[in-house]
Amino acid sequence: MNVPIDVGAGLIFLVSAAVGYAVYRHTRATSTTNPPTGDIGVSFTAGSVTLVALAFLFGVSNPPADHEPTPVPGYSQPATPPAPTPTATPATTTSTHSPEPPATPST
């Protein structure tokens, strides 16, 4: 199954990967250990923050409406039965005067 990736989303990912790599190279160049080592945690964090920031700033739009998902051949969804039609209820008559309250039996 092919999953189409939007061009904007791909560019955002590539920029964040480049930022992460640049941070790794910088931490490796400024390392005081022998041999010099880069800080992979800081570079991963910088790339992730860049990815989230660019995604919020530029966002990824929804695909156009003309790209409807195509049904899988040989599979059909079961038909749902139609909803039952409501039957008519007889009209009730209402009176305009209030009924007498029921008498309470005296003991």
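If you read the sequence from its start, that first residue is 1, and numbering goes on from there.
- Not counting sequence neighbours, the partners of S31 by the side chain to side chain donor-acceptor pair (under 3.5 Å) test are T33.
- Between S16 and T50 the shortest heavy-atom distance is CA-CG2, 4.0 Å.
- Cluster membership check: I12 does not share its hydrophobic cluster with F56, using side-chain heavy-atom separations under 4.5 Å among Ile, Leu, Val, Met, Phe, Trp and Tyr.
- Across all their heavy atoms, S43 and G20 have their closest contact at CB-O, 3.1 Å.
- Residue F58 is grouped with residue V15 when hydrophobic side chains (ILVMFWY) are merged at heavy-atom distances under 4.5 angstrom, including chains of intermediate members.
- Pairing each heavy atom of T27 with each of D39, the nearest pair is OG1-N, 2.9 Å.
- Here the straight-line distance linking atom NE2 of H26 with atom OH of Y21 works out to 14.5 Å at 0.5 Å rounding.
- If you take CG on L51 and CZ on F13, they are separated by 7.5 Å, rounding to the nearest 0.5 Å.
- Taking OG1 of T30 as the start and CZ of R25 as the end, the distance is 12.0 Å to the nearest 0.5 Å.
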